Protein chains: 2
Amino acid sequence: MDISDRKKRILRAIVESYVETAEPVGSKAICSDLGLSSATIRNEMAELTALGLLEQPHTSAGRVPSSKGYRVYVNELMHDRTLSAQETFELNNALRQRITKLDSLLADAGRLVADFTHYPVYALTAGSSGMKIRRFDFILVDRNTLIVVIMLDNDQVKNKLLHFPAGIDEALVRKLSTVFNSGFTGLESSEMTHELVSACETACGDSEGIVASVAGFAIAALDEAAPRQAYLSGAASILEHPEYRDPDKAQRILAYLSDDTKLMTLPAPDESGEVKILIGPENVAEELSDSSVVVASYDLGGDVKGLLGVVGPTRMDYANISAHLSYLARELRIFLGGAGTLPQLGSGPPGPDEK
Amino acid sequence: MDISDRKKRILRAIVESYVETAEPVGSKAICSDLGLSSATIRNEMAELTALGLLEQPHTSAGRVPSSKGYRVYVNELMHDRTLSAQETFELNNALRQRITKLDSLLADAGRLVADFTHYPVYALTAGSSGMKIRRFDFILVDRNTLIVVIMLDNDQVKNKLLHFPAGIDEALVRKLSTVFNSGFTGLESSEMTHELVSACETACGDSEGIVASVAGFAIAALDEAAPRQAYLSGAASILEHPEYRDPDKAQRILAYLSDDTKLMTLPAPDESGEVKILIGPENVAEELSDSSVVVASYDLGGDVKGLLGVVGPTRMDYANISAHLSYLARELRIFLGGAGTLPQLGSGPPGPDEK
DNA sequence: TTTAGCACTCGGAGATGTCGAGTGCTAATA
DNA sequence: TATTAGCACTCGACATCTCCGAGTGCTAAA
């Protein structure tokens with residue numbers, strides 16, 4: 001985009017004023033900041049409008065940035081906003097207070113961003129498949145009750161209590177342990193076929209479906225270790241913005257955001273830690289065509305990745321939001337102990353269990 | 001409330017018409033249903049207004065039920081709406097599809113109600129304290145890694161992976177098992193004092209903080225077994241109702257509903273399985289003073305109780321919503337296997353206890 | 001006791017008028 | 001040549017006004 005330096009300064013001033021006030025920006029409003037007369041600015045504005053970077057709601061209203069204008073602003077003109085010491089302090093404090101369990105790490109982070117930015121925020125966990133089981137343990141509680149404990153590749157531990165009316169004895173438990181630890185470890189859930197289960201059943205002499213129950217749990221545990229879950233925070237904030245004062249419009253977008261399956265289809269940044277900005281019509285979803293999305297991705301340890309997306313009007317404070325998301329990405333990585341795997345943090349409870 | 005039968009019929013007609021149309025009800029609108037002339041109804045309406053059961057937005061608009069009017073309607077006039085076969089079928093279907101994990105049982109039920117009623121629904125788990133540990137098990141993974149498995153009073157199982165740089169051997173694990181199973185079972189978390197931990201440390205000859213870690217996990221597990229969590233579904237639906245077309249109003253109530261701590265303070269029905277209705281100013285919370293809440297409570301097995309609350313304008317279809325909530329209460333009880341404890345249901349995917 | 005009729009009230013929708021912010025264009029100026 | 005001041009013009013926002021009709025309360029007749 002080869003436009004004069006002065007045009008860029010004017011475009012930036014318009015974007016920033018409009019982001020702040022939500023009112024179309026007139027030539028007078030910014031002439032003092034730029035040291036030019038309003039007439040000059042009017043001429044420049046007319047040219048920017050011709051280039052498609054600005055729009056006029058109607059003759060003789062001020063100018064408003066077009067989607068293209070925002071795009072230029074984001075790509076070239078946006079000041080790198082770094083958070084103030086005050087802000088990082090507050091963010092850090094809030095982060096430390098909230099994040100106690102890994103289960104809800106992303107959801108909590110989302111709520112945090114929503115609180116700070118006053119935009120709705122969605123959080124997605126995007127687990128990768130390929131998880132495997134490292135080890136099975138069995139605890140015989142009584143003749144009818146068995147606890148199965150599974151340790152996954154990434155040190156996650158899952159358990160399940162099973163009841164068997166037929167009764168179980170120590171010998172069977174030992175057999176189960178041998179069979180599962182040799183036959184089911186190192187497999188992905190797709191590899192745990194029906195044949196495999198049948199083979200194990202005969203090996204254990206099990207006709208009560210015990211093997212099948214355990215295998216079912218194993219598969220479920222693997223699938224659940226990499227879930228795709230969606231959370232939404234700060235939905236109410238959307239109504240704060242004049243763009244969504246029309247209840248119909250607000251409702252449409254809220255309904256969209258409340259629909260997990262739709263959120264799952266939203267694009268992710270190309271690289272973890274990056275921030276991706278989608279402006280207005282750049283969004284594929286019809287419902288978002290006059291809104292913008294700023295989305296960042298986080299490594300959550302292991303193969304699990306998380307997405308955090310801020311949704312708002314195209315008149316969004318892109319610089320501010322990018323800054324928050326980037327900062328959070330950094331902090332979360334520190335929180336997670338560098339390259340650490342999941343369970344190391346996962347401790348509400350005290351204790352020296354951190355490596 | 002001793003009013004004539006005819007007045008009751010008129011009041012009921014007004015409430016039901018207003019619930020449906022959201023427009024003030026004129027005398028003509030209901031005269032055909034009641035077989036009376038509009039003039040007669042006008043006279044009766046005037047008296048009902050004097051009694052404080054109806055209100056007039058302004059002279060020569062129709063009448064609108066007052067909060068008191070709704071109260072009379074709910075207490076005395078409401079038809080016992082029973083769901084149609086079609087409706088129960090759909091509800092049941094949806095229930096069976098969604099509810100796969102106990103973790104989110106309530107949240108799922110809430111989403112279900114939200115979908116069916118088109119009102120926002122909050123779900124609260126209201127765990128009771130007093131949970132105890134029945135049994136400890138320890139699995140030694142390798143010299144530095146120990147899995148602790150705790151079985152709670154209500155058959156919930158929790159586990160945690162602990163790392164100890166100093167190293168552990170079989171003998172120590174056996175000692176731990178003895179000490180914890182004799183010393184820590186049957187206690188509430190408040191009874192697990194520092195002294196007790198110290199005593200056990202000396203008993204085990206542990207100077208590495210292993211006992212302290214395990215005890216810490218035990219306390220956390222107990223606290224977490226009875227969490228107070230809040231979920232909100234269907235927030236967007238509130239904008240469908242004309243009462244909340246004013247974005248400010250909608251935002252105020254949405255913000256209220258998004259605030260977990262505030263939801264926690266909402267009242268619960270006196271008995272499990274009952275439905276409680278709070279109309280307009282009967283709500284203590286300022287933000288809800290012109291809204292109504294219909295709330296039901298459910299036994300979720302063990303000592304854990306759940307609340308499901310539907311929030312909407314005072315012009316709410318109380319009969320319909322009560323019916324849905326009651327039906328769901330019955331169904332959930334069946335789902336949970338009568339008086340059964342939690343895990344018996346969980347025979348699909350894994351239990352509510354992973355970390 | 002119920003009903004029909006009638007004058008009255010008041011909110012809502014539409015039409016009209018005014019105001020002012022902002023524009024484009026032109027001519028003067030550095 | 002680039003910038004600026006001035007001016008006529010446009011058009012939305014807002015206030016005012018009018019009119020319409022739904023719904024009321026009251027009265028008199030059935």
Side-chain angles (χ1 to χ4, degrees), chain A residues 2-11 13-66 69 242-243 245-247 315, chain B residues 3-11 13-18 20-66 69 242-243 245-247 315:
Chain A
D2 49 345
I3 51 177
S4 76
D5 204 58
R6 192 170 70 183
K7 280 201 183 57
K8 286 183 182 174
R9 285 211 327 274
I10 291 177
L11 177 58
I14 290 175
V15 170
E16 285 171 3
S17 161
Y18 184 61
V19 162
E20 196 182 337
T21 63
E23 301 274 307
V25 182
S27 51
K28 250 183 244 163
I30 53 169
C31 65
S32 66
D33 300 338
L34 295 164
L36 293 169
S37 83
S38 64
T40 313
I41 291 179
R42 274 204 295 283
N43 289 329
E44 295 282 41
M45 278 173 152
E47 289 176 47
L48 285 169
T49 308
L51 285 169
L53 301 181
L54 295 180
E55 279 167 0
Q56 254 178 316
H58 56 90
T59 10
S60 133
R63 298 303 209 289
V64 162
S66 68
E243 280 82 354
R245 303 234 23 124
D246 171 13
R315 176 192 65 82
Chain B
I3 52 177
S4 78
D5 205 57
R6 192 170 69 182
K7 279 200 184 57
K8 286 183 181 173
R9 286 211 324 275
I10 292 176
L11 177 58
I14 291 175
V15 169
E16 285 171 3
S17 160
Y18 184 60
E20 196 183 336
T21 64
E23 300 276 307
V25 181
S27 49
K28 250 183 246 164
I30 53 170
C31 64
S32 65
D33 299 338
L34 295 165
L36 293 169
S37 83
S38 64
T40 312
I41 293 179
R42 275 204 294 282
N43 289 329
E44 295 283 40
M45 278 172 151
E47 289 176 47
L48 284 169
T49 308
L51 286 169
L53 301 180
L54 295 180
E55 278 168 359
Q56 252 179 317
H58 55 89
T59 11
S60 126
R63 297 302 208 290
V64 163
S66 68
E243 280 81 356
R245 297 217 52 102
D246 171 14
R315 177 191 65 82

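Order of the sequence lines fixes the chain letters, A, B, ..., with proteins taken first and strands second; residue numbering starts at 1 for each chain. Note that the structure is a prediction, hence the values are computed from the model and not measured.
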Residues touching DNA chain C, which here means a heavy atom under 4.0 Å, drawn from residues 28-44 of chain A: A:R42
Any residue meeting side-chain hydrogen bond (donor to acceptor under 3.5 Å, both in side chains) with B:E243, in chain and number order, not counting sequence neighbours: B:R315
Any pair counted as side chain to side chain donor-acceptor pair (under 3.5 Å), so long as it reaches residues 43-54 of chain B, sequence neighbours left out: B:R6-B:E44, B:K7-B:E44, B:K7-B:E47, B:T49-B:R63
Of all pairs that satisfy salt bridge (charged side-chain N to carboxylate O under 4.0 Å, His left out), the ones with a partner from residues 16-32 of chain A, not counting sequence neighbours: none
Contacts of type side-chain contact (heavy atoms from CB on, under 4.5 Å), residue B:A29, not counting sequence neighbours: B:V25
B:L36 side chain reached by B:I30 side chain, heavy atoms, under 4.5 Å: no
Spacing of A:L11 atom CG and A:M45 atom CE [to the nearest 0.5 Å]: 10.0 Å
5' to 3' contact window, DNA chain C with chain B (heavy-atom distance under 4.0 Å): C:dT2 to C:dG11
Within residues 58-66 of chain A: residues closer than 4.0 Å to DNA chain C (heavy atoms): A:S60, A:A61, A:G62, A:R63
A:T59: side-chain hydrogen bond (donor to acceptor under 3.5 Å, both in side chains) partners, not counting sequence neighbours: none
side-chain contact (heavy atoms from CB on, under 4.5 Å) between B:L53 and B:I3, worked out: CA-CA 11 Å; B:L53 301 180; B:I3 52 177; 4.1 Å; yes
DNA chain D contacts among residues 19-26 of chain A, heavy-atom distance under 4.0 Å: none
All side-chain contact (heavy atoms from CB on, under 4.5 Å) counterparts of B:S60, not counting sequence neighbours: none
Toward the 5' end of DNA chain C, by each residue's nearest nucleotide, A:Q56 or B:P57: B:P57
For B:D33, all residues meeting side-chain contact (heavy atoms from CB on, under 4.5 Å), sequence neighbours excluded: none
Heavy-atom pair of closest approach, residues B:P57 and B:V64: CG-CG2, 4.2 Å
Partners meeting side-chain hydrogen bond (donor to acceptor under 3.5 Å, both in side chains) with B:T40 (sequence neighbours left out): B:S37
